[in-house]
Engineer: 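Dropping a structure here in structure tokens format, bear with me for questions.
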Amino acid sequence: MAQRQSKDQRSYRTSVVIVGTGFSGLGMAIKLKQAGIEDFIVLEKAEDLGGTWRDNTYPGCACDVPSLMYSFSFEQNPNWSRIFAKQGEISDYLQHCADKYRVRDHIHYGVEFSGAEYDEAAQTWRVSTADGTEYVGKALVSGVGALHIPSYPELPGVQDFEGEVFHSAEWNHDFDLEGKRVAVVGTGASAIQFVPQIAKKVAKLHLFQRTPPWIQPKPDRPVPEALQRLFRRVPLVQRAARAALYWTLEARYFAVFNKHLGKLSEHLSKRYIRKAVKDPEVRAAVTPDYSMGCKRILLSSDYYPALNRSNVDLVTSGVAEVRKNSVVTGDGQEHPVDAIIYGTGFHVTDAFDHLTIVGRDGRKLQDAWRNGMEAYLGVAVSGFPNLFFLLGPNTGLGHNSVVFMIESQLNYVLGALRGICRGKVAQLDVRQSVQDDFNSEIQSELGDAVWSAGGCRSWYLDENGVNRTIWPGFTWKYWLRTRKVDPADFEITTARGR
């Protein structure tokens, strides 16, 4: 186990420092345990584990990936109550994993990661935290994730607003929405889930839409108890169902992200709009004018019906300013409101800008990523030895489960950590040429895909319009590339200095 140096120094030494307790960080801890490696620490800024599924508690919060695939393959849950699990169930699942695999004792709660510096002489990472405690490890694994820093729009005058203001990721459950006049800014993945829920209780809901998302019906329903019993008694049946679902989701790659086949999906979605939205003007306003897939495709069967409610007003003229008790739109109309709720998503392509991470020769990660963030296999960055990212650049998905990608990375990183933890490898640094070749390949594939040529802006793209988020292909191809570490891809220093 990790050793604390002294009470005064506030410093811990360990083999591996893991940051975050979402699927990525928790999964890495479990994999180390399974490999018989006990010398690691997990840093968690909150007072409980769970990452995204701990923080997001807004009404209607649920996954848009079927439950069977939104779980670890080594810990399949036969008890999912719905095809698409809600936030509470996913949070409980992560708690269960932490208990079953006995990783809680490794977690340091209330410790916010603020940066890290590589000590080349000692070949260790010195990890700094907000409270001044230092953690020194041979390796550093970032399970920070991209969906943890809420993005707030700059609305003129909002600082003078006298009502309630909060983001969907920081939902104020103490504020009673019953009978209130509410402005919702944004129509992203969170908003389409909570808007139908709060529309039932508010007096008036002004929904401010900048760009309409493509939405498809969500085929959600309860999982029959008889099927849950079958999964519990015959796990092979659940594994078979999961495999069938995996290949079904993989096939979505053709239907959704192929520029030509995607037209069929667009046609079906437009038909869904015509059927679900009654008002012709609203129907026109919620119909996207860009290619399906270049922004995140959303699933909902109750969002469009919510727009039919008499107390819901879809506003597309933009926010000009916020006054003490109202929101004024670009066309000069004033909308009296008691609360403003942001459904504006998260910082993704700049999620690491607030951290100070320094690698070899004093090189900062921000400098390495000056022209855009990139990593070999989304995991390793040249010049930053023994630092591994989970769900890093260009490993996000738009058609399958990111948990599958995370698991592929966990196995790959574990292959590197074994040698480091056992003292056989002192330093492992991906070659710059290998990283460059990989990212040239990725960007070449992305350049001809719907994400880059679909006619829209999205959080997939950085400030230069380059996709730094999505994996441009089938997930099984990524799995093949991450089955094991190829020593030829890295500059390796062994314990003997070679």
Side-chain angles (χ1 to χ4, degrees), residues 56-67 81-89 168-169 171 173 176-223 252 255-256 264-290 292-293 295-317 327 329 335 337-345:
N56 288 269
T57 61
Y58 57 82
C61 183
C63 191
D64 57 5
V65 173
S67 310
S81 66
R82 303 192 66 83
I83 292 178
F84 293 86
K86 294 185 180 299
Q87 175 266 336
E89 262 192 292
S168 63
W171 196 272
H173 291 278
D176 186 6
L177 291 170
E178 191 74 39
K180 299 295 194 303
R181 300 164 300 176
V182 178
V184 173
V185 180
T187 53
S190 300
I192 71 156
Q193 292 186 338
F194 73 72
V195 162
Q197 303 302 314
I198 69 173
K200 303 171 186 176
K201 58 177 63 176
V202 302
K204 186 70 175 180
L205 194 158
H206 302 282
L207 179 59
F208 291 86
Q209 170 191 283
R210 184 175 61 179
T211 306
W214 282 107
I215 300 176
Q216 297 178 331
K218 189 175 188 177
D220 189 25
R221 61 180 181 273
V223 176
R252 289 182 64 210
V256 175
L264 175 60
S265 294
E266 289 184 14
H267 171 74
L268 294 175
S269 292
K270 287 179 179 178
R271 189 169 71 176
Y272 173 44
I273 293 172
R274 290 194 297 270
K275 181 179 179 181
V277 181
K278 296 177 181 179
D279 189 311
E281 291 186 8
V282 174
R283 195 183 304 150
V286 299
T287 302
D289 60 359
Y290 55 86
M292 175 177 279
K295 291 172 72 75
R296 183 177 177 182
I297 299 170
L298 308 180
L299 299 179
S300 176
S301 295
D302 56 6
Y303 176 73
Y304 286 147
L307 301 184
N308 294 325
R309 298 179 62 94
S310 59
N311 67 327
V312 176
D313 176 28
L314 181 68
V315 183
T316 60
S317 51
V327 175
T329 52
H335 305 269
V337 295
D338 304 301
I340 299 173
I341 304 175
Y342 295 118
T344 46

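Just so you know, residue 1 is the first one in the sequence shown, and it goes up from there.
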Engineer: About how many Å separate CD1 of I341 and CG of L177, when rounded to the nearest 0.5 Å?
Structural biologist: 5.0 Å
Engineer: Can you label the angle between the F208 ring and the H335 ring as parallel, tilted or perpendicular, going by 30° and 60°?
Structural biologist: perpendicular
Engineer: Quick one: CG on D338 to CG on D176, what's the gap to the nearest 0.5 Å?
Structural biologist: 11.0 Å
Engineer: With side chains defined as the heavy atoms from C-beta onward, is the minimum distance between I198 and V184 less than 4.5 Å?
Structural biologist: yes
Engineer: For side-chain contact (heavy atoms from CB on, under 4.5 Å), just list the numbers for L307 and L207, CA-CA rounded to whole Å, side-chain angles, deciding distance to a tenth of an Å, and then say yes or no.
Structural biologist: CA-CA 9 Å; L307 301 184; L207 179 59; 3.7 Å; yes
Engineer: Using 4.0 Å as the upper bound for N to carboxylate O, is an ion pair formed by D64 and R296?
Structural biologist: yes
Engineer: Testing the basics here: between P217 and L299, what is the closest heavy-atom pair and its distance to 0.1 Å?
Structural biologist: O-CD2, 4.0 Å
Engineer: Of all the heavy-atom pairs spanning A306 and P196, show the shortest one and how long it is.
Structural biologist: CB-CA, 3.9 Å
Engineer: Check whether any side-chain heavy atom of E266 sits under 4.5 Å from a side-chain heavy atom of Y290, and report yes or no.
Structural biologist: no
Engineer: Taking R181 for the side chain and A339 for the main chain, is one N or O donor matched with an acceptor at less than 3.5 Å?
Structural biologist: no
Engineer: If you look at every heavy atom in I192 and A189, which pair is closest and at what distance?
Structural biologist: CG1-O, 3.4 Å
Engineer: With rounding to the nearest 0.5 Å, note down the distance linking OG1 in T287 to CD1 in I273.
Structural biologist: 4.0 Å
Engineer: Using a 4.5 Å cut-off on heavy atoms from C-beta on, say whether the side chain of P219 contacts that of I83.
Structural biologist: no
Engineer: Ignoring hydrogens and geometry, is there a side-chain-to-backbone donor-acceptor pair from E89 to S67 under 3.5 Å?
Structural biologist: no
Engineer: Are the side chains of V286 and T187 in touch, meaning some heavy atoms are under 4.5 Å apart?
Structural biologist: no
Engineer: Could you tell me whether the side chain of Y342 reaches within less than 4.5 Å of the side chain of S168, counting heavy atoms only?
Structural biologist: no
Engineer: Got a second to check how far Q216's CD is from S265's OG, nearest 0.5 Å?
Structural biologist: 5.5 Å
Engineer: Considering the options Q197, Q193, H173, which one meets the side-chain hydrogen bond (donor to acceptor under 3.5 Å, both in side chains) requirement together with Y58?
Structural biologist: Q193
Engineer: For a 4.5 angstrom cut-off between non-hydrogen side-chain atoms, does K275 reach R271?
Structural biologist: no
Engineer: State the NZ-CG distance between K204 and D313, to the nearest 0.5 angstrom.
Structural biologist: 5.0 Å
Engineer: For K218 and S301, work out which heavy atoms get closest and say how close.
Structural biologist: N-OG, 2.9 Å
Engineer: Does K201, at its NZ atom, have more than 12 non-hydrogen atoms belonging to other residues, nucleotides or ligands within less than 6.0 Å?
Structural biologist: no
Engineer: Search all heavy atoms of N56 against all heavy atoms of C61 and return the closest pair with its distance.
Structural biologist: O-SG, 3.5 Å
Engineer: Measure the CZ-CG distance between R82 and D220 for me, rounded to the nearest 0.5 Å.
Structural biologist: 4.0 Å
Engineer: Do you know the tightest heavy-atom contact between V202 and N311?
Structural biologist: O-ND2, 3.0 Å
